[in-house]
Amino acid sequence: MMTEEKSLNFIEEIIEADLKAGKHKTIATRFPPEPNGYLHIGHAKSICLNFGLAQKYGGKTNLRFDDTNPVTEETEYVENIKADVKWLGFEWAEELYASDYFPQLYAFAVKLINKGFAYVDDSTSEEMAKQKGAPTVPGTNSKYRSRSIEENLKLFTEMKEGKHPDGSKVLRAKIDMGHVNMLMRDPVIYRVKHAHHHRTGDTWCVYPMYDFAHGQSDAIEQITHSVCTLEFVPHRELYDWFIEKLEIYPSKQYEFARLNMTYTMMSKRKLMQLVNENLVSGWDDPRMPTLSGARRRGYTPEAFREFCEKIGVAKRDNLIDLSLLEFCVREHLNKIAYRRMVVFDPLKVVITNYEEGKLEMMPSENNTEAAENAGVREMPFSRELFIEKDDFMEVPPKKYFRLSPGGMVRLKSGFIIKCGEVIKDANGNVTELRCTYISESRSGHDTSGVQVKGVIHWVSAAHAVPVEVRQYEKLFVTEDMNAIEDDFKNHLNPHSLHVLPKVYAEPALLNAKVGEHFQFLRMGYFCLDPDSTREKLVFNRTVTLRDSK
RNA sequence: UGUCCCGUGGUGUAAUGGUAACACAGCAGAUUUUGAUUCUGCUUUUCAAGGUUCGAAUCCUUGCGGGACAACCA
């Protein structure tokens with residue numbers, strides 16, 4: 001038997017080397033979102049990576065909210081992030097918050113002061129920006145840099161006690177204002193903010209900066225492999241510096257390239273702008289790249305996990321084809337979605353040789369592609385039907401194999417019909433087709449011997465259920481949204497949402513539930529939208545069928 | 001005009017000094033009671049130049065190209 005050796009990504013290689021060298025017995029990772037927005041597809045990559053790594057190597061993953069900035073963070077986001085991670089199919093070992101570590105982080109800061117590695121600075125942010133220098137120009141020392149340990153201790157205590165207003169003082173690490181790495185030029189590690197925190201309330205008025213919270217939190221949790229995106233590469237030096245000076249658990253940071261997708265905007269800030277300016281219906285608008293949007297649209301966790309598996313993990317910048325995600329969605333939906341028939345743009349067909357008032361129930365497979373037998377549902381068949389306007393052409397082109405005058409077509413799971421008379425209105429528009437059916441051609445019991453190439457979907461006119469359908473296209477018309485220089489809103493696709501208020505569904509769809517997936521035959525994959533009421537069902541188009549017409 | 005990271009088909013990802021491969025996309029064709037699914041085939045690849053080596057996508061050097069870095073954001 002062949003054992004298929006799957007190649008390792010660079011992080012797995014590091015982990016296996018660490019494990020082999022006995023550096024760790026097991027691994028610990030974490031997923032550290034900031035609760036200031038909703039999770040998007042890019043986060044899915046990070047979630048699958050962090051949780052996947054721990055699963056693969058028998059370790060654990062913590063969910064840790066990086067909530068060190070009270071002015072942007074809210075509990076609402078916390079709840080939605082948790083729901084999204086669960087939906088993706090992952091379980092965290094512990095639910096933690098950087099804010100839980102505020103006392104310890106404060107103590108770390110005091111320790112740094114005591115070791116002479118931090119000082120209180122009264123400079124304004126403008127002055128500090130000036131002191132920073134530039135990438136090619138070394139910075140200059142602040143005049144407060146040489147304060148005594150005692151004075152620093154006293155001032156930092158006062159900061160904590162609320163004796164200094166916002167912005168008047170900060171605590172900075174004392175490193176090297178001439179360092180080639182800008183982040184090492186005495187970074188701010190604590191700032192005064194008289195702001196209400198979503199968890200700690202008004203307990204604190206000093207809050208640590210990211211660089212003084214993240215690595216320390218990793219150390220407290222004994223995270224072995226702290227995996228983040230490439231923009232944090234320059235932070236690694238600082239990350240290691242704090243760990244060394246504080247003499248705490250030596251977590252290691254590793255960086256991978258974030259996910260970029262064609263026609264997709266991954267910036268949380270800009271997504272929030274779309275929400276706030278009502279350019280979309282909310283964070284869960286089905287056009288949004290958020291996980292809640294994707295879920296509402298009908299994308300599945302299985303599809304996302306497969307997608308993340310397929311895109312791999314590396315360090316070079318990438319721009320993944322949206323079509324790869326769509327491929328994964330179709331691949332999964334093809335296996336699980338029940339087939340249903342819905343006529344979007346109806347054309348009435350009267351079967352003249354079918355008895356008036358007669359009703360037959362036609363069994364039709366729910367899904368022949370499912371792993372297990374998905375059974376059938378019954379479709380009412382009667383003398384008057386709707387078919388798709390598109391499925392009839394008065395003057396058919398060469399390779400058209402649906403209905404045309406005198407032509408024949410198979411009604412899926414029904415009979416073969418032959419088009420006789422074409423009825424038009426005063427303007428010459430086709431309004432009705434008078435057809436005949438071949439009674440021996442009943443699906444599954446066809447003894448007619450008639451062969452037709454075309455098979456179309458249909459509904460019985462009297463039994464059709466009017467429902468609404470919302471068709472979505474990509475939100476942006478520009479392939480690489482990272483490359484644009486003007487306002488991203490200039491790149492919005494004006495046709496990203498197309499609502500069909502009234503289409504005709506087969507009766508079985510009356511039982512549709514939110515969370516179920518359907519394939520409307522020849523039209524695409526759909527799911528019930530939570531906007532639906534008993535009077536009016538609304539279906540979202542998840543993705544079209546592959547079209548090789 | 002500094003430091004760091006990165007360069008493999010159109011897009012991603014592998015090949016860990018020994019035949020450049022897999023997926024998506026694209027293009028053909030077969031099958032099909034969904035123009036879906038399935039199946040078959042095809043197109044298209046190592047940034048450049050030197051060097052090391054019997055042998056280089058891989059190691060070395062120098063270029064070139066792309067990205068990141070100067071928030072009291074994360």
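Keep in mind that this is a model prediction, so the values were computed, not measured. We name chains A, B, ... by the order of the sequence lines, and we start the count at 1 in each one.
In this entry the distance linking CD1 of Ile311(A) with P of A14(B) reads 11 Å, nearest Å. Summarising the geometry, the separation between CD on Glu306(A) and P on U13(B) is reported as 16 Å, rounded to the nearest angstrom. Atom CD of Glu326(A) is separated from atom P of A25(B) by 10 Å (rounded to the nearest Å). Between the CG atom of Leu259(A) and the P atom of U11(B) there is a distance of 16 Å, rounded to whole Å. Across the protein-nucleic acid pair, Phe256(A) atom CZ and U13(B) atom P stand 12 Å apart, rounded to whole Å. One can place CZ of Arg316(A) at 12 Å from P of U11(B), the figure rounded to the nearest angstrom. Look at CZ on Phe307(A): it is 11 Å from P on U13(B), rounded to the nearest Å.
Take Glu255(A) and apply the side-chain hydrogen bond (donor to acceptor under 3.5 Å, both in side chains) test, not counting sequence neighbours, and it matches Arg236(A), Gln253(A). For the salt bridge (Lys or Arg N to Asp or Glu O under 4.0 Å) test, no residue two or more places apart in sequence or in another chain qualifies with Arg546(A). Remark: Tyr254(A) engages His225(A) in a ring pair (Phe, Tyr, Trp, His ring centres under 6.0 Å) (not counting sequence neighbours). For the salt bridge (Lys or Arg N to Asp or Glu O under 4.0 Å) test, residues two or more places apart in sequence or in another chain that qualify with Glu309(A) are Lys6(A). Gln451(A) is linked by a side-chain hydrogen bond (donor to acceptor under 3.5 Å, both in side chains) to nothing, counting only residues two or more places apart in sequence or in another chain. With sequence neighbours excluded, the residues forming a salt bridge (Lys or Arg N to Asp or Glu O under 4.0 Å) with Glu221(A) are Arg64(A), listed by chain and number. Remark: Arg339(A) pairs with no residue by the salt bridge (Lys or Arg N to Asp or Glu O under 4.0 Å) rule, at least two apart or across chains. When the side-chain hydrogen bond (donor to acceptor under 3.5 Å, both in side chains) test is applied to Asn482(A), the partners found at least two apart in sequence or on another chain are Asn260(A).
Comparing U46(B) with C5(B), their P atoms are spaced 26 Å from each other, to the whole Å. Comparing G12(B) with G7(B), their P atoms are spaced 12 Å from each other, to the whole Å. Comparing the C1' positions of U44(B) and A20(B) gives a spacing of 13 Å, expressed to the nearest Å. One C1' atom belongs to G9(B), the other to G50(B), and the distance between them is 26 Å to the nearest Å. Between the C1' atoms of U3(B) and U45(B), the separation comes to 32 Å (whole Å). Rounded to the nearest Å, the gap between the P atom of C47(B) and that of U40(B) is 31 Å. Nucleotides A36(B) and G29(B), compared at atom P, are 13 Å apart to the nearest Å. Taking atom C1' on both A25(B) and C60(B), the two are 37 Å apart, rounded to the nearest angstrom.
Annotated stems with RNA chain B as a participant read B:2-7 with B:64-69, B:10-13 with B:21-24, B:26-30 with B:38-42, B:47-51 with B:59-63, given as range with range, by first number; only runs of 3 or more Watson-Crick or G-U pairs under 3.5 Å qualify.
Residues Phe212(A) and Phe108(A) place their aromatic rings such that the two centres sit no closer than 6.0 Å. Taking the centre of each ring, Phe344(A) and Phe526(A) come in below the 6.0 Å mark.
The aromatic rings of Phe520(A) and Phe539(A) sit perpendicular, their planes meeting at an angle over 60°, well past the 30° parallel limit.
Not one N or O on the side chain of Asn366(A) forms a donor-acceptor pair closer than 3.5 Å with the backbone of Tyr338(A).
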Task: Candidate pair Glu231(A) and Arg258(A), rule salt bridge (charged side-chain N to carboxylate O under 4.0 Å, His left out), full reasoning - done: CA-CA 9 Å; Glu231(A) 62 265 34; Arg258(A) 70 184 314 152; 3.2 Å; yes
Check: protein-nucleotides 20-24 of chain B nitrogen or oxygen pairs below 3.5 Å:
none

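Salt bridge present: Lys310(A) and Glu306(A) bring a charged side-chain N and a carboxylate O closer than 4.0 Å.
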- [ ] Assign a letter to each nucleotide of nucleotides 32-41 of chain B from its 5' end: B, base within under 4.0 Å of a protein heavy atom; S, sugar-phosphate only; -, no contact.
- [x] BBBBBB----
Task: Contact letters for nucleotides 63-74 of chain B, in which S counts primed atoms plus P, OP1 and OP2 and B counts the base, heavy atoms under 4.0 Å - done: ----S-SB-BSB
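Within the 4.5 Å cutoff, side-chain heavy atoms of Tyr106(A) are placed close to those of Thr157(A).
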